[in-house]
Amino acid sequence: GMTVKRKKLAGKLHGSDFFPFVLFTRMPAKQQTSLTSFFSGGKRKVSSVSRSPSPAAKRSKVETKTEITTIMATEEVEIVETITETKMEETVEVTPVSTDSEQSSVPQSKCLVKELEWRTKNLPEFQKTEAAMELSEFSQQQSTQQALRYKNTKFDPVEEATWQPGEPVPYLAVSRVMNAIDNTTKRLEIIELFSQFIRTVIVTTPSDLLKVIYLCTNQLAPSYKGIELGIGESILMKAIAESTQTSLKGIKSLYHKKGDLGTVARECRSAQRTMFKPKALSVQKVFDAFYEIALMKGHSSTSRKVDKIKGLLVCCQEYESTYIIRSLGGKLRIGLAGQSVLIAIAHAFMLTPPRPLSVPCEEGQHPLVLKLRAERKLSESELQTHLLRAESIVKQVFYQLPSFELMIPQLLAGNLLSLEEVCPMTPGIPLKPMLAHPTKGISEVLQRFENMTFTCEYKYDGERAQIHRLEDGSIKIYSRNAEDNTEKYPDLIELMPQIIQDATKTFVIDCEAVAFDTETKKILPFQVLSTRSKKAVQKEDIKVQVCLYAFDLIYLNGESLLKAPFSERRKALYSAFAEEEGKFTFATHAEMTDTEEIEAFLNKSIEDLCEGLMVKTLEVDASYEPSKRSHNWLKLKKDYLDDVGDSLDLVIIGGYKGRGKRTGVYGGFLLACYDAENDEYQSICKIGTGFSDANLAEFAEYFKSRELLEVPTYYRIPETGLPDVWFSPDRVVEVKAADLSISPNHKAGMGLVDPNKGISLRFPRYLGTREDKKPEDATDASQVATMYRAQANKQSDILPHDDL
DNA sequence: TGTGGCTGCCC
DNA sequence: ATTCTGC
DNA sequence: GCAGAATGGGCAGCCACA
């Protein structure tokens, strides 16, 4: 049974479900004044669960919305809090919709009818309905792994929505959720906030759900559709400057101070408010605006984009501008990304199941969602089991069909439990490729794979190529990030028929495309591969030949092999395809368990111009695990090993102001080697990884007294990407790199290996500070050149030179 | 028409 | 790509 | 150990502008 008590709130409340902002619409004005801290941007949150709003409060829903901005300005006072308490033998009421008399208050409006029509239109063929949501199907096995969630689940998505059922979802609501999520680092809390928001969309305006998901994952479409905003920091700053009548310089300096353009946009705006409130933004409007921006091309497209952004900015209230700008900048950085979104979706659809169309809507029921569990009481462990089950289904499905466009309509059709069948793996939809965990040595590999059979493969230095053959026989090639690279590789498309065996029809293979010198029959460096054209390539124009190294088979003749162990997948790969020398080869591999043997194989891989080894189990934990979810593969590279690989001692000559979580400290530095010949410092690379937070704080303090007003004449500095602040040469840091490269930008060793170009580092990272070294003791330009030559010798001097 | 800056995407 | 950090 | 967010070099492609 449930009891409701009135309590005084004395600080932060944990564990209750809430939408703080929603409360404004439902609490008497006197109490609303207490909720300032939420909107004032402070960390502290005040939460509340309010169960039985008075009819008067309910009716005033729309009117009270307008009061929010005034509330922001008031002081925080004591709050009277209504919370829900449950007894020891706790049961959790999972209510997809209101169960009491308020139920009938759900407007059966024209808007909702439209939602239903939308659903009919957008829902593919319908399977498994009636019993689909019967919870008793679940096993009652308990999980001990994760903490219980949704403890006092008395969340009513109909009540909590700040907009009416069937109305467009306001972008304001989305931005408020983003802000709430932004203000916590707790993942469970993030997931809960987002899943509850999804629930409100499911019961009100499900036709907006896909767009909500896209906005919150910062996508416009699946990446293989190649729809890009073409907006970056520069254009954003221009738009912010113009819309706030601030100089570009002013915006830049604010950006340095705040570390976030979104914040800059919001603060500039509030400084000069317009008299008239433009029409509020909706999810639909914002999404459409983003989409239009992405489609703008050709002459004056940039200024049209700027205008569009300005148009959005004038309509913004509260935190909307922050998240619009962050979205356009490509990084939401609120702590919610792919994995958490999937979990939130799963929980939302488990707790608020849409009513399948085949299930008639009975009198007094909500037209969009099932009332199935209205009377049903679940114990917390039961609830937990259901949530985990949903989580596992949604994740599994997204791994085999990573498309919200296809998954969301099925979920809205009430197909959560049959999702795996209605969303099968489909050639033509790229999977997130399986990734590998870096290991620091053979001993770590052996330790991780103790008592398991494993195989070692060459790790090729090229570009991931996931090649699909669709039902219609066409071939598609996708990149590591699911971009469509088909038109980049007409040569590979042409090659395919030669290597596909007769019995092989549809498939998905995992390969590395590597630049290849057909004369010497040797692998070429990544830098050569990257010079290939990307768009509308004609076979005759190809200058860099490519060899495919295939290493996995994920789908064959209509069947997913995701769950098959690697031993089987590889066997199937070998029989489904035929090698073609210099064009299509299976990745070199060997099975061994002995440390010395592995070391020898690692060395051999380097001699054969590879990056190192991939180590994969053959039987146990040997399924194909897409995405970053599980790094069951291991990678072993020479530069991971201590005391192996190129390590340099370099001088810090400049700093870059940090952004995001590095606001207020330097986020990166410009490094130089010392050139004794000319007694000057030559830029070699920037560095921004390898620092702990403590390191960065110490660096910021250290360089406070070493800032220079101008660039010293004895600095040879890069063409682009100049530091925000110059430093006197003083601190020497130890840096590790995977490779050295001829640089179009940096100046180290200029004239020593290339007349006009310097040398830079590939994958530089900070190892530590060399307190013992003076800047003149840093790695010398000639040493850098020597290191480059040593590496180039191994590659038999392959890099192209300018014809000068 | 050539060049440089910006963006997205490879690693 | 590499790396660090809160959970 | 996961998930997310900091940050690297360097290429093609596109657009603004001289």
Side-chain angles (χ1 to χ4, degrees), chain A residues 146-147 184-191 223 226 228-236 238 259 296-303 305 329-343 435 437-438 460-465 479-483 485 488 512-513 525-537 611 627-631 635 637 639-640 656 658-663 665-671 684-696 718-721 735-746 759-767:
Chain A
Q146 279 169 298
T184 179
T185 54
K186 294 185 169 60
R187 258 197 299 150
L188 297 184
E189 203 173 309
I190 287 171
I191 289 164
S223 25
E228 305 303 331
L229 282 167
I231 296 280
E233 268 176 13
S234 288
I235 293 175
L236 281 180
K238 203 178 162 201
M296 289 175 183
K297 292 209 164 81
H299 182 62
S300 82
S301 61
T302 303
S303 63
K305 288 181 184 193
K331 273 179 298 181
L332 228 29
R333 39 162 271 269
I334 56 178
L336 175 89
Q339 295 305 111
S340 306
V341 167
L342 290 180
I343 299 174
L435 302 176
H437 180 92
Y460 295 89
D461 191 8
E463 182 177 26
R464 198 84 176 250
S479 77
R480 171 192 152 129
N481 293 314
E483 299 289 328
N485 270 353
K488 179 177 175 181
E512 191 81 5
F526 175 78
Q527 237 184 319
V528 174
L529 179 71
S530 66
T531 63
R532 271 183 70 122
S533 314
K534 294 162 193 244
K535 296 202 162 171
V537 178
E611 286 188 298
S627 152
K628 285 181 186 173
R629 164 169 74 140
S630 176
H631 291 184
K635 55 179 166 179
K637 295 178 30 173
D639 58 287
Y640 295 161
Y656 302 84
R659 302 156 191 194
K661 63 184 178 185
R662 294 197 181 166
T663 303
V665 295
Y666 290 107
F669 301 93
L670 180 62
L671 301 182
I684 184 166
C685 68
K686 296 197 284 180
I687 191 147
T689 193
F691 308 102
S692 67
D693 292 352
N695 287 153
L696 290 172
E719 309 282 331
T720 60
V735 164
K736 177 99 100 172
D739 276 311
L740 291 87
S741 57
I742 297 293
S743 173
N745 196 23
H746 289 287
I759 292 166
S760 189
L761 306 181
R762 191 184 188 197
F763 310 146
R765 58 261 198 193
Y766 170 83
L767 291 185

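Because the structure is predicted, anything quoted here is derived from the model rather than measured. In what follows, chains are A, B, ... by sequence order, proteins preceding strands, each numbered from 1.
With respect to the salt-bridge test (charged N to carboxylate O, under 4.0 angstrom), the residues A/Arg762 and A/Asp639 do not qualify. Using a cutoff of 4.0 Å between basic side-chain nitrogens and carboxylate oxygens, A/Lys534 and A/Glu483 are not scored as salt-bridged.
No contact: A/Asp739 has no heavy atom under 4.0 Å from any strand. Residue-level contact check: A/Asn485 touches the backbone only, with heavy atoms under 4.0 Å from sugar-phosphate atoms and none from bases. Within the nucleic acid shown, A/Tyr640 comes within 4.0 Å of sugar-phosphate atoms alone, with no base atom in reach, counting heavy atoms only. Looking at heavy-atom distances under 4.0 Å, A/Lys637 makes contact with sugar-phosphate atoms alone, never a base. Across all strands shown, A/Gly330 has no heavy atoms under 4.0 Å from either base or sugar-phosphate atoms. Nucleic acid contact class of A/Leu342 (heavy atoms, under 4.0 Å, all strands): none. Residue-level contact check: A/Lys635 touches the backbone only, with heavy atoms under 4.0 Å from sugar-phosphate atoms and none from bases.
For A/Arg765, a side-chain nitrogen or oxygen approaches OP1 or OP2 of C/dT3 to under 4.0 Å. For the OP1/OP2 pair of C/dT2 and a distance below 4.0 Å, the side-chain nitrogens and oxygens of A/Tyr766 include no atom meeting the criterion. Dashed line: the shortest gap from a side-chain N or O of A/Ser692 to OP1 or OP2 of C/dC4 is not under 4.0 Å.
Listed by chain and residue number, A/Arg659 satisfy the salt bridge (Lys or Arg N to Asp or Glu O under 4.0 Å) test with A/Glu233 (two or more places apart in sequence, or in another chain). The side chain to side chain contact (heavy atoms under 4.5 Å, CB included) search around A/His631 returns A/Leu435, A/His437, A/Lys628, not counting sequence neighbours. Listed by chain and number, the residues in a side-chain hydrogen bond (donor to acceptor under 3.5 Å, both in side chains) with A/Glu512 amount to none (sequence neighbours excluded). Taking the side-chain hydrogen bond (donor to acceptor under 3.5 Å, both in side chains) definition, one finds that A/Lys635 meets it with nothing, sequence neighbours left out. By the side chain to side chain contact (heavy atoms under 4.5 Å, CB included) test, A/Ser630 is found to be paired with A/Glu625, A/Asn632, residues two or more places apart in sequence or in another chain being considered. Contacts of A/Thr689 classified as side chain to side chain contact (heavy atoms under 4.5 Å, CB included), with partners at least two apart in sequence or in another chain: A/Arg765. The side-chain hydrogen bond (donor to acceptor under 3.5 Å, both in side chains) check on A/Arg464 picks up A/Asp510, with sequence neighbours excluded. Taking A/Asn695 as the reference, A/Phe691, A/Ser692, A/Phe699, A/Tyr766 meet the side chain to side chain contact (heavy atoms under 4.5 Å, CB included) condition, with sequence neighbours excluded. A/Lys686 is linked by a side-chain hydrogen bond (donor to acceptor under 3.5 Å, both in side chains) to nothing, counting only residues two or more places apart in sequence or in another chain.
Distance noted for atom C1' between B/dG8 and C/dA1: 15 Å (whole Å). On the P atoms, C/dT3 is 30 Å away from B/dC6, given to the nearest whole Å.
Near DNA chain B, meaning a heavy atom under 4.0 Å from it, residues 228-236 of chain A has A/Glu228, A/Gly230, A/Ile231, A/Gly232, A/Glu233, A/Ser234, A/Ile235 in order of number.
Protein chain A contacts DNA chain B from B/dC6 to B/dC11, reading 5' to 3' and using non-hydrogen atoms of the protein with a distance under 4.0 Å.
The residue among A/Gly462 and A/Thr720 whose nearest nucleotide of DNA chain B is located toward the 5' end is A/Thr720.
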Starting at the 5' end of nucleotides 8-15 of chain D, put B wherever the base has a protein heavy atom under 4.0 Å, S where only the sugar-phosphate does, and a dash everywhere else.
BSSSSSSS

